[in-house]
Amino acid sequence: MTFEHANVQTSCRPWGSHDLRPWSLSGNPDAAIGELRFERSETQAPDPALLLKLLFTKEKLSIQVHPDDAFAQTMGMANGKTEAWYVLSAEDGAQVAIGLDRPLTQSQLRDAITDGSIADLVKWQPAAPGDVFFVPAGTIHAIGAGLVIAEIQQRSDTTFRLFDHGRLRELHIDQALAVADLVPARPEMMPIHLTVERLKLVSCAFFVLERIDLPPEANWELQAQRETWGLVIAGDATIGSMRACVGDVFFAEADRSVINVGRSGLTVLLAYADSAPQPGLLRDLDDRQSDLPVRDLTRPDISSRIPVSVLPRSMEGRP
């Protein structure tokens, strides 16, 4: 039975930000912080399967690709890296790149990495608050400037860079060629409401990412069967023994925690190590009715952009 208020580690990056509010008070006037990385407070516990980060970008990040499990294991690593992004805030014109904009051969990709034209061959698309992007291992990708992104991923730091905007860091051409998908990325899945309160954003072989929206002054029970990470993105509540507001993160596993929602309601990004949504994840303690049976209505032929009607409360009304 485990419930913990997660610890946070800051990482300085040349493309990061000096002001992380409202997500953190860890801003540094002398060094740009690019990542907040959340870890279990129980330091002797085994490493979790998943890693939760917040990314703050004032410049474009490198164009990169991650290996899948099979390739990573040939390099002596436990697993590869599939990830998903949830856009918390975005400046006007912010973009992300997911996959290539046309098919390439390995020879063409090598030439594009060598001469830098790969920056024009990835598929850039607008990014706005509430958008969700799924980045399977092997997908060439990049995050643009002016974004705050919550990232859930397999626990791996293995990154092969194809282009780095003149920062002179090492590129990993041979490794990138070995793992990169040479065709455009498949269309994203549309988020699906599992219940009134639960919105499934992404489900894959390694994790499920949901957004939970709870009404003001309500009382719920969270039943975390598997490794579970929660990030508060709007409102406030008491979750277990933890007083939680925007930016707070908790970890739970094989545990039940009561959620007493505050006056402004509560919105939480919830990621857990499973391949399909968990039935009975939430139980309404006010009327004793469990959430409805889980549906999985994945449609691979439509965009992942979330309709305005289901944006988080903290984002409603923003352009």
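We're numbering straight along the sequence, starting at 1. Note that the structure is a prediction, hence the values are computed from the model and not measured.
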Student: Please name the pair of heavy atoms, one in Q95 and one in L147, separated by the smallest distance, quoted to 0.1 Å.
Tutor: O-CD1, 3.6 Å
Student: Tell me if a side-chain donor or acceptor on E221 pairs with a main-chain N or O of R283 at a distance below 3.5 Å.
Tutor: no
Student: Would you compute the distance between atom CG of L36 and atom OG1 of T10 and round it to the nearest 0.5 angstrom?
Tutor: 7.0 Å
Student: Working to the nearest 0.5 Å, report the span between CG of L50 and OG1 of T228.
Tutor: 9.0 Å
Student: Do the side chains of L25 and L231 join up, straight or via other hydrophobic residues, at under 4.5 Å, putting them in one cluster?
Tutor: no
Student: Do you know the tightest heavy-atom contact between T57 and G144?
Tutor: OG1-O, 2.7 Å
Student: What's the spacing between L109 CG and L104 CG if we round to 0.5 Å?
Tutor: 6.0 Å
Student: Among R37, K81, H66, which residue meets the side-chain hydrogen bond (donor to acceptor under 3.5 Å, both in side chains) test with D157?
Tutor: R37
Student: Between R40 and D47, does at least one N-O distance fall below 4.0 Å, as a salt bridge requires?
Tutor: no
Student: Is there a side-chain contact between L199 and I192, using heavy atoms and a 4.5 Å cut-off?
Tutor: no
Student: Just how far is it from atom OG1 of T82 to atom CZ of F206, taken to the nearest 0.5 Å?
Tutor: 4.5 Å
Student: Restricting to non-hydrogen atoms, name the atom on G146 and the atom on A94 that form the minimum distance, rounded to 0.1 Å.
Tutor: O-CB, 4.1 Å
Student: Using every non-hydrogen atom in the two residues, find where P277 and K200 come nearest and quote the distance to one decimal.
Tutor: CG-CD, 3.6 Å
Student: So how far is it from Q125 CD to D101 CG, rounded to the nearest 0.5 Å?
Tutor: 11.5 Å
Student: Give the cluster check for L51 versus L54: same hydrophobic cluster or not, with ILVMFWY residues linked at side-chain heavy-atom distances below 4.5 Å.
Tutor: no
Student: Do F3 and I212 sit in the same hydrophobic cluster, where Ile, Leu, Val, Met, Phe, Trp and Tyr count as joined when their side-chain heavy atoms come under 4.5 Å apart?
Tutor: yes
Student: Checking side chain to side chain contact (heavy atoms under 4.5 Å, CB included) for the pair I233/R211: CA distance, chi angles, key distance, verdict?
Tutor: CA-CA 9 Å; I233 64 173; R211 202 192 67 213; 4.3 Å; yes
Student: Within the distance-only criterion (no hydrogens, no angle test), does the side chain of D181 pair as donor or acceptor with the backbone N or O of V183 below 3.5 angstrom?
Tutor: no
Student: For the side chain of R161 and the backbone of E170, is there at least one donor-acceptor N/O pair under 3.5 Å apart?
Tutor: yes
Student: Quick check: do E210 and Y272 have side-chain heavy atoms less than 4.5 Å from each other?
Tutor: yes
Student: Is there a side-chain contact between R110 and D174 (heavy atoms, below 4.5 Å)?
Tutor: yes
Student: Taking W124 for its side chain and A142 for its backbone only, find out whether a donor-acceptor pair lies under 3.5 Å.
Tutor: no
Student: Within a strict 4.5 Å, meaning less than it, do heavy atoms of the L282 and L214 side chains meet?
Tutor: yes
Student: Give the C-alpha distance, both sets of side-chain angles, the deciding distance and a yes or no for side chain to side chain contact (heavy atoms under 4.5 Å, CB included) between D68 and V179.
Tutor: CA-CA 8 Å; D68 62 13; V179 305; 5.9 Å; no
Student: Looking only at heavy atoms, which two atoms of I143 and W85 are closest? And how far apart?
Tutor: CG1-CH2, 3.5 Å
Student: Check whether I173 and M75 end up in the same hydrophobic cluster, where Ile, Leu, Val, Met, Phe, Trp and Tyr are linked by side-chain heavy atoms less than 4.5 Å apart.
Tutor: yes
Student: I'd like to know whether W23 forms a side chain to side chain contact (heavy atoms under 4.5 Å, CB included) with V246, so could you lay out the CA-CA distance, the side-chain angles of the two residues, the decisive distance to 0.1 Å, and finally the verdict.
Tutor: CA-CA 6 Å; W23 308 103; V246 171; 3.5 Å; yes
Student: List the steps and the verdict of side chain to side chain donor-acceptor pair (under 3.5 Å) for Q154 and D69.
Tutor: CA-CA 10 Å; Q154 288 180 275; D69 286 0; 3.1 Å; yes
Student: Judged by atom type as modelled, is there a donor-acceptor pair below 3.5 Å linking the side chain of S62 to the main-chain atoms of Q64?
Tutor: no
Student: As a test of understanding, state which of H193, R198, E197 forms a side-chain hydrogen bond (donor to acceptor under 3.5 Å, both in side chains) with T195.
Tutor: E197
Student: Determine yes or no for a side-chain-to-main-chain donor-acceptor pair under 3.5 angstrom, with D111 supplying the side chain and Q108 the backbone.
Tutor: no
Student: Quick one about N7 and S41 (side-chain donor to acceptor, distance below 3.5 Å, no hydrogens or angles considered), yes or no?
Tutor: no
Student: Do L281 and L270 come close enough that some side-chain heavy atom pair is under 4.5 Å?
Tutor: yes
Student: Tell me whether D236 contacts the main-chain N or O of A244 through its side chain, where contact means a donor paired with an acceptor under 3.5 Å.
Tutor: no
Student: Evaluate the criterion side chain to side chain contact (heavy atoms under 4.5 Å, CB included) for residue pair H141 and V96; output intermediate values, then yes/no.
Tutor: CA-CA 8 Å; H141 62 277; V96 298; over 6 Å; no
Student: Is the closest basic N to carboxylate O distance between R243 and D248 below 4.0 Å?
Tutor: no
Student: Quick test of your reading of the model: are E227 and R155 salt-bridged, counting only N-O distances below 4.0 Å?
Tutor: no
Student: Any donor-acceptor pair under 3.5 Å linking the side chain of T139 with the backbone of V135?
Tutor: no
Student: Calculate, to the nearest 0.5 Å, the distance between atoms CG and CD1 belonging to D19 and I33 respectively.
Tutor: 10.0 Å
Student: Taking only Lys NZ, Arg NE, NH1 and NH2, and the carboxylate oxygens of Asp or Glu, determine whether E59 and R13 approach each other closer than 4.0 Å.
Tutor: no
Student: Please determine whether the number of non-hydrogen atoms from other residues, nucleotides or ligands lying under 6.0 Å from atom CZ of R169 exceeds 12.
Tutor: yes
Student: Pick from R167, K58, K60: which one makes a side-chain contact (heavy atoms from CB on, under 4.5 Å) with W15?
Tutor: R167
Student: Can you check whether A6's main-chain N or O pairs, donor with acceptor, with E4's side chain at less than 3.5 Å?
Tutor: no
Student: Taking all non-hydrogen atoms of both residues into account, name the closest pair between A119 and I63 and its distance.
Tutor: CA-CD1, 3.5 Å
Student: Report the relative orientation of the aromatic rings in F160 and F71; use parallel for angles under 30°, tilted for 30 to 60°, perpendicular for over 60°.
Tutor: perpendicular
Student: Is any side-chain heavy atom of V87 closer than 4.5 Å to one of F133?
Tutor: yes
Student: For the residue pair S89 and F56, establish whether any side-chain heavy-atom pair is separated by less than 4.5 Å.
Tutor: no
Student: With the side chain counted from C-beta on, respond yes when L121 and F163 share a heavy-atom pair under 4.5 Å apart, and no when they do not.
Tutor: no
Student: Any donor and acceptor pair, going by atom type alone, linking the side chain of D286 with main-chain N or O of N219 inside 3.5 Å?
Tutor: yes
Student: What about L55 and I98, same hydrophobic cluster or not, with Ile/Leu/Val/Met/Phe/Trp/Tyr joined at side-chain heavy-atom distances under 4.5 Å?
Tutor: yes
